[in-house]
Amino acid sequence: MMTRMIPAAAMLAACSAPPAALASDNEAKRTITVNGQGQVFAEPDMAVLRIGVVTAGADAKAALSANSASLQATIDNLKAMDVDAKDIQTSGLSISPQYKYNSSNRRTSQINGYEARNGVTVKLRDLDKAGEIVDASVGAGANSLNGFSFTFADPAPLYDAARIDAVKQAQTRAKLLADAAGVNLGALLTIQDGYASIREADAVVARGVQFESASAPIETGESSVSASVTLVYAIE
(Lines give C-alpha, C1' and ligand atoms only; values in the text may rest on other atoms or scores of the structure.)
Protein backbone atom coordinates (compact mmCIF):
# COMPACT_ATOMS: atom_id res chain seq x y z
CA MET A 1 0.00 0.00 0.00
CA MET A 2 1.45 3.32 -1.08
CA THR A 3 1.42 6.26 1.29
CA ARG A 4 1.05 9.74 -0.19
CA MET A 5 3.60 12.10 1.24
CA ILE A 6 2.41 15.65 1.95
CA PRO A 7 5.15 18.23 1.55
CA ALA A 8 6.20 19.76 4.82
CA ALA A 9 5.71 23.27 3.42
CA ALA A 10 2.06 22.53 2.62
CA MET A 11 1.47 21.07 6.08
CA LEU A 12 3.10 24.07 7.70
CA ALA A 13 0.95 26.49 5.66
CA ALA A 14 -2.24 24.67 6.59
CA CYS A 15 -1.40 24.48 10.26
CA SER A 16 -0.25 28.06 10.46
CA ALA A 17 -3.40 29.56 8.84
CA PRO A 18 -4.85 31.98 11.40
CA PRO A 19 -8.24 30.99 12.88
CA ALA A 20 -9.66 34.38 11.87
CA ALA A 21 -8.95 33.67 8.22
CA LEU A 22 -10.67 30.30 8.40
CA ALA A 23 -13.69 31.86 10.07
CA SER A 24 -13.81 34.55 7.39
CA ASP A 25 -13.91 31.89 4.67
CA ASN A 26 -16.84 30.18 6.36
CA GLU A 27 -18.74 33.43 6.73
CA ALA A 28 -18.22 34.27 3.06
CA LYS A 29 -20.23 31.19 2.20
CA ARG A 30 -23.29 32.56 3.97
CA THR A 31 -25.22 34.40 1.29
CA ILE A 32 -28.71 35.37 0.23
CA THR A 33 -29.56 35.15 -3.48
CA VAL A 34 -32.62 37.01 -4.73
CA ASN A 35 -34.24 37.65 -8.09
CA GLY A 36 -35.99 40.83 -9.07
CA GLN A 37 -38.40 41.41 -11.95
CA GLY A 38 -38.96 44.95 -13.15
CA GLN A 39 -41.62 46.23 -15.51
CA VAL A 40 -42.45 49.59 -17.05
CA PHE A 41 -45.32 50.65 -19.30
CA ALA A 42 -45.26 53.18 -22.10
CA GLU A 43 -47.26 54.18 -25.13
CA PRO A 44 -45.75 52.62 -28.28
CA ASP A 45 -44.31 54.91 -30.94
CA MET A 46 -44.04 52.37 -33.76
CA ALA A 47 -46.18 49.66 -35.30
CA VAL A 48 -45.22 46.55 -37.23
CA LEU A 49 -47.58 45.61 -40.03
CA ARG A 50 -47.43 42.26 -41.79
CA ILE A 51 -49.44 42.22 -44.99
CA GLY A 52 -49.40 40.01 -48.05
CA VAL A 53 -50.92 39.00 -51.32
CA VAL A 54 -52.53 35.65 -52.11
CA THR A 55 -53.22 34.87 -55.77
CA ALA A 56 -54.28 31.84 -57.77
CA GLY A 57 -53.47 30.73 -61.31
CA ALA A 58 -53.85 27.87 -63.69
CA ASP A 59 -50.11 27.24 -63.42
CA ALA A 60 -47.29 28.34 -61.11
CA LYS A 61 -46.06 31.05 -63.49
CA ALA A 62 -49.50 32.66 -63.77
CA ALA A 63 -50.02 32.61 -60.00
CA LEU A 64 -46.60 34.13 -59.35
CA SER A 65 -47.00 36.78 -62.05
CA ALA A 66 -50.30 37.99 -60.62
CA ASN A 67 -48.88 37.91 -57.12
CA SER A 68 -45.78 39.89 -58.03
CA ALA A 69 -47.82 42.59 -59.73
CA SER A 70 -50.14 43.06 -56.75
CA LEU A 71 -47.35 43.02 -54.19
CA GLN A 72 -45.26 45.51 -56.18
CA ALA A 73 -48.26 47.82 -56.33
CA THR A 74 -48.62 47.48 -52.56
CA ILE A 75 -44.94 48.31 -52.00
CA ASP A 76 -45.12 51.30 -54.37
CA ASN A 77 -48.14 52.55 -52.47
CA LEU A 78 -46.32 52.25 -49.13
CA LYS A 79 -43.41 54.29 -50.45
CA ALA A 80 -45.82 56.88 -51.88
CA MET A 81 -47.21 57.26 -48.35
CA ASP A 82 -43.74 58.13 -47.03
CA VAL A 83 -42.82 54.72 -45.65
CA ASP A 84 -39.04 54.48 -45.93
CA ALA A 85 -37.67 51.68 -48.12
CA LYS A 86 -35.53 50.43 -45.20
CA ASP A 87 -38.73 49.83 -43.24
CA ILE A 88 -40.18 47.46 -45.85
CA GLN A 89 -38.89 43.90 -45.88
CA THR A 90 -40.06 40.85 -47.82
CA SER A 91 -41.22 38.27 -45.30
CA GLY A 92 -41.95 35.19 -47.38
CA LEU A 93 -42.73 33.78 -50.79
CA SER A 94 -44.35 30.44 -51.50
CA ILE A 95 -46.05 28.71 -54.42
CA SER A 96 -48.06 25.58 -53.82
CA PRO A 97 -50.33 23.36 -55.94
CA GLN A 98 -54.03 23.29 -55.16
CA TYR A 99 -55.69 19.88 -55.34
CA LYS A 100 -59.15 18.82 -56.35
CA TYR A 101 -60.21 15.60 -54.68
CA ASN A 102 -62.33 12.92 -56.28
CA SER A 103 -65.82 13.13 -54.82
CA SER A 104 -66.17 9.36 -54.76
CA ASN A 105 -62.70 8.62 -53.43
CA ARG A 106 -61.07 11.24 -51.21
CA ARG A 107 -57.73 9.44 -51.48
CA THR A 108 -57.30 10.39 -55.12
CA SER A 109 -56.80 13.94 -56.33
CA GLN A 110 -55.43 16.04 -59.14
CA ILE A 111 -53.81 19.45 -59.32
CA ASN A 112 -56.44 22.09 -59.91
CA GLY A 113 -54.20 25.14 -60.09
CA TYR A 114 -51.54 26.95 -58.05
CA GLU A 115 -51.56 29.43 -55.22
CA ALA A 116 -48.82 32.02 -54.67
CA ARG A 117 -48.26 33.85 -51.41
CA ASN A 118 -45.89 36.70 -50.67
CA GLY A 119 -45.77 39.38 -48.04
CA VAL A 120 -43.90 42.25 -46.50
CA THR A 121 -43.18 43.32 -42.94
CA VAL A 122 -43.55 47.07 -42.59
CA LYS A 123 -42.43 49.37 -39.77
CA LEU A 124 -44.84 52.25 -39.36
CA ARG A 125 -43.20 55.16 -37.54
CA ASP A 126 -46.09 57.58 -37.97
CA LEU A 127 -48.88 55.97 -36.00
CA ASP A 128 -51.33 58.70 -36.93
CA LYS A 129 -51.27 57.34 -40.47
CA ALA A 130 -51.37 53.64 -39.55
CA GLY A 131 -55.06 53.11 -40.30
CA GLU A 132 -54.80 55.07 -43.53
CA ILE A 133 -51.80 53.02 -44.65
CA VAL A 134 -53.53 49.72 -43.93
CA ASP A 135 -56.59 50.86 -45.89
CA ALA A 136 -54.50 52.11 -48.82
CA SER A 137 -52.50 48.86 -48.90
CA VAL A 138 -55.72 46.92 -49.30
CA GLY A 139 -56.75 49.17 -52.15
CA ALA A 140 -53.36 48.69 -53.82
CA GLY A 141 -53.55 44.91 -53.88
CA ALA A 142 -52.83 43.40 -50.44
CA ASN A 143 -55.49 40.89 -49.42
CA SER A 144 -53.90 39.05 -46.48
CA LEU A 145 -53.30 40.48 -43.03
CA ASN A 146 -50.79 38.45 -41.02
CA GLY A 147 -50.34 40.65 -37.99
CA PHE A 148 -50.30 44.17 -36.61
CA SER A 149 -48.45 44.91 -33.40
CA PHE A 150 -47.09 47.90 -31.50
CA THR A 151 -43.53 48.34 -30.28
CA PHE A 152 -40.87 50.98 -29.62
CA ALA A 153 -38.42 52.52 -32.07
CA ASP A 154 -35.82 52.91 -29.30
CA PRO A 155 -36.53 50.61 -26.35
CA ALA A 156 -33.12 51.13 -24.66
CA PRO A 157 -34.31 53.77 -22.12
CA LEU A 158 -37.27 51.57 -21.22
CA TYR A 159 -35.02 48.56 -20.71
CA ASP A 160 -32.86 50.65 -18.37
CA ALA A 161 -35.91 51.76 -16.38
CA ALA A 162 -37.11 48.15 -16.10
CA ARG A 163 -33.67 47.03 -14.87
CA ILE A 164 -33.64 49.77 -12.22
CA ASP A 165 -37.07 48.62 -11.06
CA ALA A 166 -35.83 45.01 -11.00
CA VAL A 167 -32.87 45.96 -8.77
CA LYS A 168 -35.15 47.82 -6.35
CA GLN A 169 -37.49 44.86 -6.11
CA ALA A 170 -34.57 42.49 -5.52
CA GLN A 171 -33.19 44.75 -2.77
CA THR A 172 -36.59 44.85 -1.06
CA ARG A 173 -36.90 41.07 -1.27
CA ALA A 174 -33.41 40.54 0.15
CA LYS A 175 -34.20 42.76 3.16
CA LEU A 176 -37.50 40.94 3.71
CA LEU A 177 -35.83 37.52 3.69
CA ALA A 178 -33.02 38.65 5.97
CA ASP A 179 -35.45 40.11 8.50
CA ALA A 180 -37.57 36.96 8.41
CA ALA A 181 -34.49 34.82 9.00
CA GLY A 182 -33.21 37.04 11.79
CA VAL A 183 -29.93 37.90 10.08
CA ASN A 184 -28.36 41.08 8.77
CA LEU A 185 -27.56 41.77 5.15
CA GLY A 186 -23.93 42.30 4.38
CA ALA A 187 -22.23 43.61 1.28
CA LEU A 188 -23.70 43.15 -2.17
CA LEU A 189 -21.39 40.55 -3.72
CA THR A 190 -22.64 40.09 -7.27
CA ILE A 191 -25.20 41.53 -9.69
CA GLN A 192 -26.25 39.40 -12.66
CA ASP A 193 -28.28 40.90 -15.48
CA GLY A 194 -31.09 38.66 -16.72
CA TYR A 195 -33.63 38.73 -19.51
CA ALA A 196 -35.11 41.87 -21.03
CA SER A 197 -38.12 41.76 -23.32
CA ILE A 198 -40.94 43.77 -24.82
CA ARG A 199 -44.47 42.54 -24.61
CA GLU A 200 -45.91 43.93 -27.81
CA ALA A 201 -49.58 44.81 -27.89
CA ASP A 202 -51.14 42.88 -30.75
CA ALA A 203 -53.86 44.86 -32.45
CA VAL A 204 -55.04 41.94 -34.59
CA VAL A 205 -56.39 38.73 -33.11
CA ALA A 206 -56.84 36.75 -36.31
CA ARG A 207 -53.75 36.15 -38.42
CA GLY A 208 -53.45 35.07 -42.02
CA VAL A 209 -56.99 36.27 -42.73
CA GLN A 210 -57.86 37.49 -46.20
CA PHE A 211 -59.87 40.70 -46.32
CA GLU A 212 -61.29 43.20 -48.74
CA SER A 213 -61.33 46.44 -46.76
CA ALA A 214 -59.84 47.95 -43.64
CA SER A 215 -60.77 51.44 -42.42
CA ALA A 216 -60.70 50.20 -38.83
CA PRO A 217 -59.76 52.56 -35.97
CA ILE A 218 -56.41 51.77 -34.37
CA GLU A 219 -55.65 52.50 -30.71
CA THR A 220 -52.09 52.17 -29.44
CA GLY A 221 -52.80 51.60 -25.75
CA GLU A 222 -49.70 50.66 -23.75
CA SER A 223 -46.98 48.05 -24.13
CA SER A 224 -44.73 46.76 -21.36
CA VAL A 225 -41.00 46.25 -21.09
CA SER A 226 -39.67 43.74 -18.56
CA ALA A 227 -36.25 42.92 -17.16
CA SER A 228 -34.78 40.71 -14.44
CA VAL A 229 -31.69 40.74 -12.24
CA THR A 230 -30.12 38.44 -9.66
CA LEU A 231 -28.42 39.86 -6.56
CA VAL A 232 -26.22 37.97 -4.13
CA TYR A 233 -25.67 39.44 -0.65
CA ALA A 234 -23.37 38.33 2.10
CA ILE A 235 -24.94 37.55 5.48
CA GLU A 236 -23.27 39.34 8.36
Side-chain angles (χ1 to χ4, degrees), residues 44-155 195 197-221 223-224:
D45 59 1
M46 187 173 74
V48 178
L49 171 66
R50 300 174 184 85
I51 54 176
V53 175
V54 181
T55 54
D59 53 42
K61 183 177 180 180
L64 179 59
S65 178
N67 189 284
S68 298
S70 293
L71 187 62
Q72 187 60 56
T74 301
I75 293 173
D76 291 343
N77 176 77
L78 290 168
K79 293 179 179 178
M81 298 189 72
D82 299 324
V83 177
D84 199 306
K86 68 181 177 63
D87 290 332
I88 304 173
Q89 184 178 47
T90 299
S91 56
L93 170 63
S94 66
I95 303 175
S96 57
Q98 302 300 294
Y99 295 95
K100 180 180 180 180
Y101 289 89
N102 190 312
S103 58
S104 60
N105 185 356
R106 296 290 295 175
R107 294 184 178 181
T108 62
S109 63
Q110 62 182 12
I111 294 177
N112 192 39
Y114 287 81
E115 181 182 82
R117 291 177 175 268
N118 201 357
V120 289
T121 298
V122 187
K123 294 179 181 177
L124 304 179
R125 300 179 187 276
D126 185 353
L127 294 183
D128 291 336
K129 296 174 64 176
E132 181 184 353
I133 289 174
V134 172
D135 195 38
S137 297
V138 175
N143 62 358
S144 178
L145 180 59
N146 301 310
F148 189 102
S149 58
F150 295 105
T151 187
F152 304 98
D154 181 17
Y195 72 84
S197 62
I198 297 175
R199 183 177 181 180
E200 298 180 349
D202 198 339
V204 177
V205 177
R207 294 174 179 270
V209 177
Q210 295 190 44
F211 59 92
E212 297 179 356
S213 64
S215 301
I218 295 176
E219 299 292 336
T220 60
S223 294
S224 63

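Residues T121 and L49 are not in side-chain contact: their nearest non-hydrogen atoms beyond the backbone lie 4.5 Å or more apart. You'll find the side chain of D135 stays beyond 4.5 Å of the side chain of S137, heavy atoms only. For the pair I133/L124, a side-chain contact is recorded, criterion being any heavy-atom separation below 4.5 Å from C-beta on. Counting heavy atoms from C-beta outward, Y114 and S96 have side chains that stay 4.5 Å or more apart. Within the 4.5 Å cutoff, the side chain of R50 has heavy atoms near those of the S149 side chain. A 4.5 Å side-chain heavy-atom check between N143 and V138 finds every atom pair outside the cut-off. At a threshold of 4.5 Å between non-hydrogen side-chain atoms, the residues E115 and V54 count as touching.
Distance alone, capped at 3.5 Å, places no donor-acceptor pair between the N112 side chain and the Y99 backbone. With hydrogens and angles disregarded, a donor-acceptor distance shorter than 3.5 Å links the side chain of N67 to the backbone of A116. Proximity of a side-chain donor or acceptor of T74 to a complementary backbone N or O of A142 within less than 3.5 Å is detected.
Taking CG of L93 as the reference point, atom OG of S68 lies at 7.0 Å (rounded to 0.5 Å). Between the CD atom in E132 and the CE atom in M81 there is a gap of 3.5 Å [rounded to 0.5 Å].
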When the side chains of residues 56-66 are checked against the rest of the protein, which donor-acceptor pairs come out under 3.5 Å, sequence neighbours left out?
residue: D59; atom: OD1; partner: K61; partner atom: N; Å: 3.3
residue: D59; atom: OD1; partner: A62; partner atom: N; Å: 2.7

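Residue pairs meeting the salt bridge (charged side-chain N to carboxylate O under 4.0 Å, His left out) criterion with at least one partner in residues 65-85, sequence neighbours excluded, are D82-K129.
Between S223 and R199, the shortest heavy-atom contact is CB-O, 3.6 Å.
For N77, there are no side chain to side chain donor-acceptor pair (under 3.5 Å) partners two or more places apart in sequence or in a different chain.
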*Let me see the working for T90 and N118 under side-chain contact (heavy atoms from CB on, under 4.5 Å), right down to the final yes or no.*
CA-CA 8 Å; T90 299; N118 201 357; 3.6 Å; yes
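Screening T220, I198, T151 against P44 for a side chain to side chain contact (heavy atoms under 4.5 Å, CB included) leaves a single residue, T220.
Annotation: F148 is in aromatic contact with F150 [ring centroid separation under 6.0 Å].
Within a 6.0 Å radius of CD in Q98, other residues, nucleotides and ligands contribute more than 12 heavy atoms.
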